[in-house]
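Bear in mind the structure is a predicted one, so any value in this text is a computation, not a measurement.
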Amino acid sequence: MEYTRLGVTDITIPRLCIGGMSFGRVFPDFHQWVIDQPATQAVIARPSSWG
C-alpha cells in the first residue's frame with residue numbers, strides 16, 4: 001500500500017483513504033456531498049497523476 005504525507009504534518013495516511021468519504025449513497029439529510037456508484041467507478045478507473 002502506498003502512503004502519503006497529510007499536508008505539511010508528519011502524519012502519513014494510505015492514499016486509498018484520501019477522499020473515501022466522497023463515495024456512497026446520498027440521503028436527504030445526510031452525506032449530501034457523496035457521488036453515486038457510476039461516478040465512483042469513473043474516479044477509481046481514472047489513471048493517477050501522483051508520480
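Here I11 contributes atom CD1 and R5 contributes atom CZ; the two are 10.5 Å apart, rounded to the nearest 0.5 Å.
Looking only at side-chain heavy atoms (C-beta outward), F23 and D36 stay at 4.5 Å or farther from each other. Here the side chains of T4 and T12 are not in contact, with every heavy-atom distance at 4.5 Å or above.
In plain terms, the two heavy atoms of I13 and L6 that are nearest each other are CD1-CD1, 3.9 Å.
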